[in-house]
Amino acid sequence: VQLQASGGGLVQAGGSLRLSCAASGFTSDYYNIVWFRQAPGKEREGVAYISVSDGSTFYAASVKGRFKISRDNARNTVYLQMNSLQPEDTAGYYCAARSGYRLIASAWAEEKLYPYWGQGTQVTVSS
């Protein structure tokens, strides 16, 4: 399995970016994708999750209402649309994946559940 993250960049506060995570190597649509982010000096945190098989989603409280995760099964790609970006959203963003059915709400942000990771893409929001 390989994950290719892209779409990061520099944007002003209030702006938008769309990240992409292209997955290859899965043999079915029963897998899950999550976006994590890590800012300098901070722990990595789960941002958004999607079950590729049924489209179920979860979000961190800090991004709910501003970010939207979606998938295009035909392209094996998951997107993270980020709107109303703030300087505190500045971080390296990583997509990660695991096979199987959807996760429950209390588990989706556990890093240890995801064996596959992309290389990360930097998002910088200027004030």
Side-chain angles (χ1 to χ4, degrees):
V1 172
Q2 291 188 328
L3 302 174
Q4 181 70 41
S6 62
L10 173 64
V11 64
Q12 289 188 332
S16 298
L17 282 174
R18 189 178 78 159
L19 305 184
S20 299
C21 178
S24 61
F26 287 107
T27 57
S28 76
D29 286 342
Y30 286 98
Y31 62 97
N32 309 268
I33 297 282
V34 64
W35 284 98
F36 287 94
R37 68 184 180 186
Q38 188 168 24
K42 294 188 177 182
E43 292 188 356
R44 190 151 50 191
E45 63 170 341
V47 175
Y49 157 96
I50 191 165
S51 165
V52 173
S53 61
D54 68 7
S56 301
T57 58
F58 297 118
Y59 296 91
S62 58
V63 306
K64 202 167 187 178
R66 300 188 298 123
F67 290 11
K68 182 176 182 180
I69 191 168
S70 62
R71 91 279 198 207
D72 183 337
N73 288 28
R75 290 183 167 82
N76 296 319
T77 299
V78 166
Y79 303 101
L80 183 67
Q81 178 66 44
M82 305 186 296
N83 300 325
S84 302
L85 283 162
Q86 300 301 316
E88 52 265 35
D89 295 315
T90 295
Y93 283 71
Y94 303 83
C95 60
R98 62 172 277 124
S99 300
Y101 293 97
R102 65 182 178 185
L103 298 177
I104 59 176
S106 61
W108 69 270
E110 292 287 339
E111 291 184 45
K112 62 184 178 182
L113 297 179
Y114 299 92
Y116 310 112
W117 289 76
Q119 83 286 6
T121 185
Q122 179 66 32
V123 171
T124 302
V125 185
S126 63
S127 57

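We use all heavy atoms of the structure for the numbers below, so side chains are in, but hydrogens, waters and symmetry mates are not.
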### Task
Look at the side-chain heavy atoms of Ile, Leu, Val, Met, Phe, Trp and Tyr, link any pair under 4.5 Å apart, and say whether V78 and W117 land in one connected group.
no

### Query
Among N83, L17, L80, whose side-chain contact (heavy atoms from CB on, under 4.5 Å) with F67 holds?
L80

### Task
Looking only at non-hydrogen atoms, find the nearest pair between V123 and G8 and report the distance.
CG2-CA, 4.1 Å

### Query
Which heavy-atom pair separates W35 from C21 by the least distance, and what is that distance?
CZ2-CB, 3.5 Å

### Close side-chain approach of I69 and Y49, heavy atoms under 4.5 Å
no

### Query
Under a single-linkage definition using a 4.5 Å side-chain heavy-atom cutoff for Ile, Leu, Val, Met, Phe, Trp and Tyr, are L113 and V34 assigned to the same hydrophobic cluster?
yes

#### Entry: Donor-acceptor pair, side chain of N73 and main chain of S53, under 3.5 angstrom
no

### Query
Between Q119 and L3, what is the shortest heavy-atom contact and its length?
OE1-O, 3.8 Å

### Heavy-atom closest contact (V52 atom, R71 atom, distance)
O-NE, 3.2 Å

### Query
Do the side chain of Q38 and the main chain of A91 share a donor and acceptor less than 3.5 angstrom apart?
no

### Message
Quick check: is W108 connected to Y116 through a chain of hydrophobic side chains (ILVMFWY, heavy atoms under 4.5 Å apart)?
### Response
no

### Query
Between G120 and Y94, which heavy-atom pair has the shortest distance, and what is it?
CA-CD2, 3.5 Å

### Task
Working to the nearest 0.5 Å, report the span between CG of N32 and CG of D54.
8.5 Å

### Message
Measuring from atom OG of S51 to atom CG of D29, what distance do you get when rounded to the nearest 0.5 angstrom?
### Response
9.5 Å

### Task
Kindly say whether E43 contributes a backbone atom to a donor-acceptor pair with the side chain of E45 at under 3.5 angstrom?
no

#### Entry: Shared hydrophobic cluster, V63 / I50 (ILVMFWY, side-chain heavy atoms < 4.5 Å)
yes

#### Entry: Close side-chain approach of N76 to Y31, heavy-atom, < 4.5 Å
yes

### More than 12 heavy atoms from other groups under 6.0 Å of CD on Q2
no

### Query
Could you walk me through whether R75 and S20 pass the side-chain contact (heavy atoms from CB on, under 4.5 Å) check?
CA-CA 11 Å; R75 290 183 167 82; S20 299; over 6 Å; no

### Task
Please examine the side chains of F26 and S99, heavy atoms only from C-beta on, and report whether any two atoms are closer than 4.5 Å.
yes

### Message
Main chain of Y93, side chain of T121: is a donor-acceptor contact present, judged purely on distance under 3.5 Å?
### Response
no

### Query
Taking all atoms of both residues into account, what is the closest heavy-atom pair of A48 and Y59, and its distance?
CB-CD2, 3.7 Å

### Query
Yes or no on salt bridge (charged side-chain N to carboxylate O under 4.0 Å, His left out) for R66 and D89, after CA distance, side-chain angles and deciding distance?
CA-CA 11 Å; R66 300 188 298 123; D89 295 315; 2.7 Å; yes

#### Entry: Working for side-chain contact (heavy atoms from CB on, under 4.5 Å), residues V125 and E88
CA-CA 8 Å; V125 185; E88 52 265 35; over 6 Å; no

### Query
Can you find a heavy atom in the side chain of L103 that is under 4.5 Å from one in the side chain of Y114?
yes

### Message
As a quick check of understanding, evaluate side-chain contact (heavy atoms from CB on, under 4.5 Å) for R37 and L19, giving each step before the final call.
### Response
CA-CA 12 Å; R37 68 184 180 186; L19 305 184; over 6 Å; no

